[in-house]
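The analysis underlying the following values was restricted to heavy atoms, covering all of them including side chains, and did not include hydrogens, waters or symmetry mates. By convention in this document, chain letters (A, B, ...) are assigned in the order of the sequence lines, proteins followed by strands, and residues within each chain are numbered from 1.
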2 protein chains.
Amino acid sequence: MRLVRAAIDLYAEQGYETTTVTQVAERAGLTKATFFRHFPDKREPLFAGQAEHGALLAAGAAQAAADATPLEVVAAALDHATAAFTPEQREFAPRLRDVVAAHDELRERAAFKRAHLTDVLTTTLRERGVDEATAAVAAELGVEAFHRAFEHWSDGDGASYGELARHELHALHAAATSLR
Amino acid sequence: MRLVRAAIDLYAEQGYETTTVTQVAERAGLTKATFFRHFPDKREPLFAGQAEHGALLAAGAAQAAADATPLEVVAAALDHATAAFTPEQREFAPRLRDVVAAHDELRERAAFKRAHLTDVLTTTLRERGVDEATAAVAAELGVEAFHRAFEHWSDGDGASYGELARHELHALHAAATSLR
DNA sequence: TCTGTCGATGAGACCGTGTCTCATCACCGT
DNA sequence: ACGGTGATGAGACACGGTCTCATCGACAGA
């Protein structure tokens with residue numbers, strides 16, 4: 001979407017706060033009114049790509065074997081979410097991450113999206129009969145792994161997202177089981 | 001603060017979106033300009049009470065013994081944060097919780113505040129030499145326990161916040177160590 | 001070819017949030 | 001009485017976000 005590209009460019013070039021929605025729209029050859037027909041607010045174009053993350057995690061978890069352990073369900077979810085991390089996304093990832101990190105208003109939205117992912121995983125696990133505390137812990141580990149993998153993947157070590165996520169989840173699991 | 005009371009009352013009575021800042025200010029006998037001298041935006045009066053939570057957690061963690069385990073540090077932090085949950089706060093807690101839960105804009109701010117608490121705990125643990133993964137997991141368990149305890153405390157089973165937090169942390173820890 | 005529908009867009013009015021500047025006023029120490 | 005200081009009021013302002021009405025092109029059918 002041209003609006004997404006325009007938003008990332010302008011927010012990165014001249015800062016998020018000093019950029020007006022009208023500017024973003026005009027760079028995309030559109031008007032303010034049209035911008036708000038595509039996005040509910042000024043921040044959302046930066047997170048539009050993440051809309052599918054929740055759906056992918058849920059779908060992946062649903063595909064796990066009926067007798068899978070909570071962690072196996074989370075691993076299946078992460079594995080399935082790999083589909084969202086295409087080479088094309090990789091182009092935008094670093095700038096996107098930097099822009100978001102630089103503005104509280106955007107970090108706030110990011111925190112909200114993250115909470116949503118945690119909810120999705122927790123709910124899925126609960127529906128499989130996992131007890132509350134275990135579901136919550138497994139979901140948090142999964143989302144933490146998800147984000148850590150994204151960070152590394154953005155930096156572009158060349159590793160595939162799937163491998164990174166598996167590695168992070170394993171490390172967090174090891175930390176969790178040996179916690180005292 | 002009169003503004004905080006006015007905000008909670010109006011947001012609960014007639015909804016958050018349909019309430020204007022001018023209305024909140026006027027109920028407190030002030031004007032819009034003065035409102036923004038006390039709070040950076042329309043949402044913040046609802047979270048002003050939580051400003052000290054981060055500081056309390058950090059202070060509590062700092063007081064833990066030098067050879068305390070990560071979980072003991074987190075427990076010390078939670079124990080110290082108990083100071084914020086006074087009987088007077090209990091009066092506002094249920095309505096506050098309901099209002100926040102009813103509006104995405106407010107849930108977003110809540111998620112951000114939660115992320116901040118996680119950062120505080122993680123940083124504190126890292127400074128104590130705890131490795132990254134362990135610090136992250138311990139911090140997340142701590143914050144999750146913090147919030148679960150707050151939920152129960154808001155419902156007013158009469159239990160003290162400290163006891164609730166200890167109980168939740170213990171349950172989450174048990175779930176984490178037996179995770180597979 | 002004419003016509004009518006539909007989806008996407010533009011134009012522009014409108015309200016509320018949040019910022020800023022200037023003026024006022026109470027309080028306080030001298 | 002004086003000057004300083006901090007809190008407040010008044011009001012202009014830019015921008016975010018909503019809404020309504022008009023326009024335009026694509027397309028289907030007579």
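Transitive grouping of hydrophobic side chains (ILVMFWY, heavy atoms separated by less than 4.5 Å) brings L71(B) and L57(B) into a common cluster.
Contact annotation: T34(A) side-chain N/O to dG10(C) OP1/OP2 distance is under 4.0 Å. Remark: T31(A) is in phosphate contact with dG10(C), judged by side-chain N or O atoms under 4.0 Å from OP1 or OP2. Here H38(A) reaches the OP1 or OP2 of dT9(C): one of its side-chain N or O atoms lies under 4.0 Å away.
Nucleic acid contact for T18(A): none, since no nucleic acid atom lies under 4.0 Å from a heavy atom of the residue.
Nearest heavy atoms, T177(B) versus A176(A): CG2-O, 3.8 Å. Among all heavy-atom pairs drawn from A28(A) and L3(A), the shortest one is CB-CD2, 3.7 Å.
Side-chain atoms of R43(A) and base atoms of dG16(D) include no donor and acceptor less than 3.5 Å apart. In terms of polar N and O atoms assigned as donor or acceptor, the side chain of K32(A) comes within less than 3.5 Å of the base of dG17(D) in a complementary pairing.
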**side chain to side chain contact (heavy atoms under 4.5 Å, CB included) assessment of E144(A) paired with R114(A)** = CA-CA 9 Å; E144(A) 179 71 15; R114(A) 177 181 172 134; 2.6 Å; yes
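If you take CG of D41(B) and C1' of dT19(C), they are 13 Å apart, rounded to a whole angstrom. Look at CD on E105(B): it is 15 Å from P on dG16(C), rounded to the nearest Å. As rounded to whole Å, 12 Å separates atom C1' of dA14(D) from atom CD of Q23(A). Rounded to whole Å, the distance from NE2 on H103(B) to P on dT17(C) is 14 Å. For the pair F35(A) CZ and dT18(D) P, the computed distance is 11 Å after rounding to whole Å. L10(B) places its CG atom 12 Å from the P atom of dT17(C), with the value rounded to the nearest Å. As a whole-Å value, the separation of E44(A) CD from dG17(D) C1' is 14 Å. Going from atom OH of Y11(A) over to atom P of dC15(D) covers 13 Å, rounded to whole Å.
Side-chain proximity of R37(B) to the nucleotides dT21(C), dA11(C), dG17(D) is greatest for dT21(C). Closest to the F36(A) side chain, of the nucleotides dT9(C), dG18(C), dG17(D), is dG17(D).
Looking at heavy atoms from C-beta onward, H173(B) lies out of side-chain contact with V137(A) at the 4.5 angstrom threshold.
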